[in-house]
Protein chains: 4
Amino acid sequence: MIIEIDQSDDVPIYEQLRRQVIEAIANGELVPGDKLPSVRSLAVDLGVNLHTVNKAYALLRDDGYLNMRRGSGAVVAERRDEAGHGSAAVDGAQWSAMNNELRRIILEHKARGGTAESFLDTVRHQCASIYGLQNPSRDEGRRSGNDVSSRRSS
Amino acid sequence: MIIEIDQSDDVPIYEQLRRQVIEAIANGELVPGDKLPSVRSLAVDLGVNLHTVNKAYALLRDDGYLNMRRGSGAVVAERRDEAGHGSAAVDGAQWSAMNNELRRIILEHKARGGTAESFLDTVRHQCASIYGLQNPSRDEGRRSGNDVSSRRSS
Amino acid sequence: MIIEIDQSDDVPIYEQLRRQVIEAIANGELVPGDKLPSVRSLAVDLGVNLHTVNKAYALLRDDGYLNMRRGSGAVVAERRDEAGHGSAAVDGAQWSAMNNELRRIILEHKARGGTAESFLDTVRHQCASIYGLQNPSRDEGRRSGNDVSSRRSS
Amino acid sequence: MIIEIDQSDDVPIYEQLRRQVIEAIANGELVPGDKLPSVRSLAVDLGVNLHTVNKAYALLRDDGYLNMRRGSGAVVAERRDEAGHGSAAVDGAQWSAMNNELRRIILEHKARGGTAESFLDTVRHQCASIYGLQNPSRDEGRRSGNDVSSRRSS
DNA sequence: GTGGTCTAGACCACC
DNA sequence: GTGGTCTAGACCACG
């Protein structure tokens, strides 16, 4: 896994970090049980402050993506497929947020003269590129010691 | 047209304003040639700072939604359906931004365990609600003196 | 309103702050629309760091007690009595957390040999002391400029 | 008795352990004289650090729930129903702590708009579920060799 | 002037 | 060793 931070981007660093971890989970580069680098080591690797990484990890924990514990590090959480253990509220809030974002994007698309069909085409294309090809380069048996690399960008 | 500002929302006021103008254009409540209220009057009506309204208008102009001229106020721009008149770069940037947002949303959806089909269903539902019913209560011939009302929210 | 911080307490400062704001809201010392002191000024008054106050305010905002906006300060939020605007998930999580705490306390009470009736007596007594006497020293018409004092403790 | 540790919970492991022992005492699954598993064996069973179990046991001893003697392991203490044998200070501290927690919970409930009656209803419901049905599957005469099982949770 | 973000460096609780 | 909290001081976006 490669994490890349763009200091000049207007999206906050902690948010860039958060998104890339989510992307890695979506891609299957990170699977439940994988251990993430410690906040300190990742902060050093990325050349950012400890607190910035900490905030990203904390947000991911609040959204149910990570489990964090003082002594142990941060590990990718099991996927909570169905409800029943109290975190359904979190899912509901995330689903609602996604719908609002989606609605806004579609409205902007329509305001620019786009049709429903052209939007659906774009979505289908993106879904194909994201869901189409799984990550085959992963050893299914391995569960720890995942290689998380990093790169700094200007 | 009714503009409503939610002071408790964490999205900036200028962005709320911008989005609602775009939504009005998408819905057909605002059509090319319609005149928007002046920066001053809208700021007073909404109870927000003059600079805030100004920023929203400037962003809408930069994105090609409005034409602004000192003294003559802001006017809804003609829709630039296809390229050719120099603003292709703007459209390209907007299309790219939309695609990035879309990609991020889909990745988050997938990371939470959602399928491509469930995402497409959501998109279809949203498109139906947005594109399905046009705003029939509009006199297509009218070109000025559009009713832009406003409301403050707690 | 008087806020008092105990640096030697093992409960974090930001949590002490959070609880006292909640207490003030419960007591009616703070009503919706009241403006809280800015993070900077309160930090100076309490002799703690800016970020500590900021974290307390952010938690209160996440729980729906405060509305915060960059330019304006922190304001006590309207009470969201019924559902419908997306924050029902927050309420659900808070209700669930309260129930868990309550259950743990009752179990500990029972393990120490306490009866259900003795626990209920304690609860009734506390409710009477909290709900019994409202705060009559508040001018109902006033909506801003509330006096928030502070005190440091060893 | 089954002890289950949730590594994803944000409450410390030693505290989870402590609470579950208290719950077992409240339920009658553990009665005075029962012997708890040794620190070492329980640590191995749960897959946690030895110090963590040790801390939980020490806290339970400090609160008067357990008697510990080097070499003879931990034993559930007699219930000190009334005062008189020197540990009244401990009881007083625990009673005070419970009252503080209770007060804080009620204040938060009131700040969210809850009534005294709705809180009492919740308490009555919880008391009924905790005090209502005792654990009938226990041989009252048995005093040793209690079955304390354990389970790890993801 | 407000809150939001980032940095730098410290101490503590947990494991 | 880990994450959690606190301090001190800086810059920026928002209003």
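Proteins come first, then strands; the chains are lettered A, B, ... in the order of their sequence lines, and each starts at number 1. All values below come from the heavy atoms of this structure, side chains included, with hydrogens, waters and symmetry mates left out.
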query: Picking from F:dT5, E:dC15, E:dG4, which would you name as closest to the side chain of C:Lys55?
result: F:dT5
query: Of the candidate nucleotides E:dG3, F:dG4, E:dC14, which contains the atom at the shortest distance from the side chain of C:Met68?
result: E:dG3
query: Pick the nucleotide of DNA chain F nearest each of B:Val11 and C:Asn49; which residue has the one closer to the 5' end?
result: C:Asn49
- request: Please check the phosphate of E:dG3 (OP1 and OP2 only) for any side-chain N or O of C:Tyr57 closer than 4.0 Å.
  value: no
query: Is any side-chain nitrogen or oxygen of C:Ser38 closer than 4.0 Å to OP1 or OP2 of E:dT2?
result: yes
- prompt: So, does the side chain of A:His51 form a donor-acceptor pair with the base of F:dG3 at under 3.5 Å?
  reply: no
field: Secondary-structure stems for DNA chain F, with pairs counted as Watson-Crick or G-U when both distances are under 3.5 Å and runs at least 3 long
entry: E:1-14 with F:1-14
- request: Report yes if a side-chain nitrogen or oxygen of D:Tyr14 is closer than 4.0 Å to either non-bridging phosphate oxygen (OP1 or OP2) of E:dC15; otherwise report no.
  value: no
message: Using OP1 and OP2 only, check whether a side-chain N or O of A:Thr52 sits under 4.0 Å from E:dT7.
response: yes
- request: Provide, to the nearest angstrom, the distance between the CZ atom belonging to D:Arg18 and the P atom belonging to E:dA13.
  value: 17 Å
- request: Can you tell me the distance, in whole Å, between the CG atom of D:Asp6 and the P atom of E:dC15?
  value: 13 Å
- line: Whole-Å distance, A:Asp62 CG to F:dG4 C1', equals 13 Å
- prompt: Step by step, would you call A:Gln7 with A:Val48 a side chain to side chain contact (heavy atoms under 4.5 Å, CB included)?
  reply: CA-CA 9 Å; A:Gln7 297 272 12; A:Val48 301; 3.9 Å; yes
query: Who are the salt bridge (Lys or Arg N to Asp or Glu O under 4.0 Å) partners of B:Arg40, not counting sequence neighbours?
result: none
task: For B:Asp63 and B:Tyr65, indicate whether the former's side chain and the latter's backbone hold a donor-acceptor pair under 3.5 Å.
output: no
task: Report the distance from atom CZ of A:Arg40 to atom C1' of F:dG3, rounded to the nearest whole Å.
output: 7 Å
- request: Scan D:Val48 against the nucleic acid and name what it touches under 4.0 Å (heavy atoms): base, sugar-phosphate only, or nothing.
  value: nothing
message: I'd like to know whether B:Ile105 forms a side chain to side chain contact (heavy atoms under 4.5 Å, CB included) with A:Ile105, so could you lay out the CA-CA distance, the side-chain angles of the two residues, the decisive distance to 0.1 Å, and finally the verdict.
response: CA-CA 11 Å; B:Ile105 292 175; A:Ile105 291 176; 3.7 Å; yes
- request: Nearest whole angstrom, please: distance from the P of E:dT2 to the CG of C:Leu50.
  value: 11 Å
- prompt: How many Å lie between CD on C:Glu15 and C1' on E:dC12, as a whole number?
  reply: 17 Å
field: C:Asp34 side chain vs C:Val31 backbone, donor-acceptor pair below 3.5 Å
entry: yes
task: In whole angstrom, give the distance that lies between atom CG of A:Asn67 and atom P of F:dG3.
output: 13 Å
- prompt: Nearest of F:dT7, F:dG3, E:dC6 to any side-chain atom of A:Val39?
  reply: F:dG3
Show me, pair by pair, the donor-acceptor contacts under 3.5 angstrom made by side chains of residues 13-24 of chain B, not counting sequence neighbours?
unit_1, atom_1, unit_2, atom_2, d
B:Glu15, OE2, B:Arg18, NH1, 2.8
B:Glu15, OE2, B:Arg19, NE, 3.0
B:Gln16, OE1, B:Asp6, N, 2.9
B:Gln16, NE2, B:Asp6, O, 3.1
B:Gln16, NE2, B:Val11, O, 3.0
B:Arg18, NH2, A:Glu108, OE2, 2.9
B:Gln20, OE1, B:Glu4, N, 3.0
B:Gln20, NE2, B:Glu4, O, 2.5
B:Glu23, OE2, A:Arg103, NH2, 2.6

- request: Could you state the atom-to-atom distance from CZ of A:Arg70 to C1' of E:dC14 in whole Å?
  value: 6 Å
query: Between C:Asn54 and E:dG4, does any side-chain N or O lie under 4.0 Å from OP1 or OP2?
result: yes
- prompt: Which heavy-atom pair separates B:Leu107 from A:Ala26 by the least distance, and what is that distance?
  reply: O-CB, 3.4 Å
- request: Could you please spell out the steps behind the side chain to side chain contact (heavy atoms under 4.5 Å, CB included) verdict for A:His51 and C:His51?
  value: CA-CA 12 Å; A:His51 294 113; C:His51 294 114; over 6 Å; no
